[in-house]
Engineer: 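Following this message is one structure expressed as structure tokens.
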Amino acid sequence: MSQKRRSKGPGPSQGEDGAAEEDHALTQTTSQVQRNLERLSPVQVDQKVSELVQFLLVKDQKKIPIKRTDILKNVIKDYKNVYSEIINRAGRTLKQVFGLQLVEIDTKHHIYILVSNLPRLEGENLKQDDSTAKLGLLTIILSVIFMKGNSVKESAVWEMLRRLRVDPGEKHDVFGDVRKLVTEEFVRQKYLEYNRIPHTDPPEFEFQWGARAAKETSKMQILHFIAKIQSKDPKVWTTQYNEAAAEMAAVGGPDPGTSGDAAGASQGARRRNH
Amino acid sequence: MSQAAGGGDSQQGRGPDSARTRRQSFPSNGAVQRRPEGGRSAADGEDEEAEEEQAGESSAGATDGDRTDRRMLRHQYRQLIDRVQQNREDMLSSKSNSLTEALQEANKLFSGVSQAREAALDAQFLVLASNLGKEKANELHSEMTVFDSPAFAEDLLTFMGLNRLEGEENDSDDDGITGGFLPNNAWHTLGAEAERYFRRAPSYHYMLGSFNADPPVPRQRIERQKRNAGAEEKRAMPAQLKKMEESHQEATEKEVERILGLLQTYFREDPNAPISLFDFVIDPNSFARTVENIFHVSFIIRDGFARIKLDQDRLPIIEPSHEEEGRQNDQSAQVRNQAIISLSHQDWKDIVETFEITEPMIPPPAVRQQNGS
């Protein structure tokens with residue numbers, strides 16, 4: 001049943017067909033796009049860019065990745081011949097005005113997410129809602145997955161959560177249906193991958209990091225989170241530290257800014273809640 | 001097997017010793033380890049005798065050579081086990097391959113094993129080797145910290161502000177789950193901390209709120225289903241009705257033709273005897289059939305294939321028109337007459353009695369047709 005659940009939405013074959021078709025229609029050289037652009041009024045194109053920016057922002061509210069198919073159908077419509085220009089400009093606007101980055105997490109099916117480009121503000125009045133609490137739960141699951149070798153059995157996750165008084169079989173005050181949240185919502189948002197372990201009968205499932213998790217955070221960040229909670233130096237977990245450092249070097253990402261002032265900042269975070 | 005298990009136990013007992021004490025205690029360990037072996041060899045002797053007696057009984061073909069080979073094999077196994085036990089430190093060193101080499105040697109020996117006694121020695125060696133392997137692995141881990149998820153969970157609870165002193169009693173007997181009071185905002189506290197490790201885009205909301213971007217799905221779905229069902233019914237209905245009309249019309253036409261055919265046959269059989277209309281249409285068994293017959297005959301008359309006249313007794317008779325005459329008179333020349341015949345149930349009874357009609361001249365159509373109409 002859970003497998004079926006996971007294959008919700010358009011079937012992969014259908015999606016691929018559509019993507020292939022679109023790819024064909026959208027393969028445009030820069031010069032072609034420029035030529036097409038000359039035939040349209042700049043005002044109209046600007047209008048499309050604004051519509052796309054708004055569309056992406058509203059779509060991101062649910063944190064469900066945005067498909068190019070949906071963008072084309074709902075926003076671009078007759079402007080397909082200048083699609084690449086519109087999406088580039090929208091990306092620029094999001095970056096310059098909102099401090100967000102438009103990331104294509106799946107280059108085959110063309111799926112986008114928004115990621116913050118700015119360092120996080122520390123403050124007393126930051127908005128907190130249930131999504132904040134959910135992120136805490138998610139971070140714990142990501143931590144367990146990473147520390148246990150990047151893939152962890154479903155049962156190990158439930159055991160961990162049960163220790164934290166979150167029982168997947170019971171309705172939780174904050175999270176509601178926890179099983180659904182973890183195996184459906186987080187999966188749909190691409191924070192987690194939830195797959196059947198091959199050749200298991202009865203079927204067993206395992207969790208891995210999803211594409212969004214890899215973009216929004218990193219192994220090094222998660223390691224620092226764990227180190228902070230356990231009041232240890234992240235380097236004590238040698239294997240994981242080396243793995244995280246290797247990933248960081250490969251991505252060429254900046255050193256996590258939070259590691260230096262973690263202690264002071266967390267005091268702020270605690271004070272906020274008392 | 002019990003010997004092998006005993007060996008395992010004694011090693012497990014030794015497990016917690018630190019490397020230093022182990023080295024000191026090693027000779028004594030070796031002695032302990034070997035003592036049961038010495039004790040065992042006495043038992044072994046008995047076993048051996050018993051076994052060999054059995055072998056002698058069952059297969060006289062057991063040769064001396066076989067026995068020597070097996071004794072040799074056992075000797076090699078015991079040597080190997082002794083060597084491994086006496087070189088523990090070397091085996092445990094992460095730099096040496098001695099343990100692997102010993103395992104490979106045992107593997108070679110095992111290819112010669114054919115009976116349970118040698119296999120038991122092999123198992124004994126395996127227990128020893130795996131215990132060494134476990135110790136080796138533990139030493140490796142002492143260089144770094146292993147991720148300990150229960151400890152992580154405890155630290156998380158502490159971070160979330162768990163008050164271990166007050167709160168609900170822990171009625172669940174699950175050990176490992178600590179009791180205590182977890183504040184309501186516990187998960188928000190943790191979430192706020194977690195957010196600092198994410199580059200999550202703040203979600204975009206209107207200051208005065210906005211309506212949900214998702215359409216009210218369930219209601220819409222119900223409406224759509226209803227509409228679909230309605231459309232299907234509408235689509236189905238006319239098709240069905242059309243079909244019914246068609247078949248009805250067809251049935252009427254067929255019936256008219258059948259009756260005309262009957263009329264012509266009667267007339268051909270006896271052209272001089274006029275056919276009484278009453279005799280022709282009245283069905284003495286059924287008033288309804290009679291009415292139907294009159295209805296069908298009226299078509300024949302209208303189309304000019306037959307005509308109704310009065311005979312000398314001023315009783316109505318029916319006769320088919322001559323072919324050409326019928327065609328020519330049809331519609332063009334003949335004046336159309338309309339007449340209404342009234343026939344009550346009583347009339348029908350009277351007619352049947354008066355004219356002594358016992359059998360219908362028009363037999364009822366086949367059952368199939370009756371069902372169809």
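Below, read A as the first sequence line, B as the second, and so on, with proteins coming before strands; counting in each chain starts at 1.
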Engineer: Going by the rule side chain to side chain contact (heavy atoms under 4.5 Å, CB included), which residues pair with A:A90 if we only count those two or more places apart in sequence or in a different chain?
Structural biologist: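 Result, side chain to side chain contact (heavy atoms under 4.5 Å, CB included) vs A:A90: A:V49, A:L52, A:V53.
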Engineer: Cation over ring, A:R179 on A:W158, under 6.0 Å and within 45°?
Structural biologist: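 Checked: cation-pi criterion met.
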Engineer: Is the distance between the ring centroids of B:F125 and B:Y77 under 6.0 Å?
Structural biologist: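 Between B:Y77 and B:F125, the centre distance exceeds or equals 6.0 Å.
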Engineer: Below 4.5 Å from any heavy atom of chain A, which atoms of B:A186 appear? Answer side chain, backbone, both or neither.
Structural biologist: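 For B:A186, neither part sits under 4.5 Å from chain A.
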Engineer: Show every side chain to side chain donor-acceptor pair (under 3.5 Å) that has at least one partner inside residues 206-217 of chain A, sequence neighbours left out.
Structural biologist: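 Sorted pair list: A:S151-A:E206, A:Y191-A:E216, A:R212-A:E216.
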Engineer: Who among A:L118, A:V174, A:L137, A:D173 has the most heavy-atom pairs with chain B under 4.5 Å?
Structural biologist: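 Going by pairs under 4.5 Å, I would pick A:L137.
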Engineer: Please rank A:I140, A:D60, A:L114 by heavy-atom pairs under 4.5 Å with chain B and give me the top one.
Structural biologist: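 Ranked by contacts with chain B, first place is A:I140.
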Engineer: Under 4.0 Å between a side-chain nitrogen and a carboxylate oxygen: does that hold for A:R162 and A:E170?
Structural biologist: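 Salt bridge flag = no for A:E170 with A:R162.
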Engineer: Please determine, among B:A151, B:G191, B:A201, the option with the most heavy-atom pairs under 4.5 Å with chain A.
Structural biologist: B:A201
Engineer: Would you mind checking which part of B:P183 comes under 4.5 Å of any heavy atom in chain A, side chain (CB onward), backbone (N, CA, C, O), both or neither?
Structural biologist: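 No part of B:P183 comes within 4.5 Å of chain A.
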Engineer: Between A:V144, A:I226, A:I222, A:N117, which residue shows the highest count of heavy-atom pairs closer than 4.5 Å to chain B?
Structural biologist: A:I226
Engineer: Answer yes or no: is there an ion pair linking A:K219 with A:E243, defined by an N-O contact shorter than 4.0 Å?
Structural biologist: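 Salt bridge flag = yes for A:E243 with A:K219.
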Engineer: Is it the side chain or the backbone of A:L57 that comes within 4.5 Å of chain B heavy atoms, both, or neither?
Structural biologist: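 Backbone plus side chain of A:L57, per the 4.5 Å heavy-atom cut-off to chain B.
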Engineer: Need one label for A:Q101: side chain, backbone, both or neither, based on atoms under 4.5 Å from any heavy atom in chain B.
Structural biologist: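 Side chain only.
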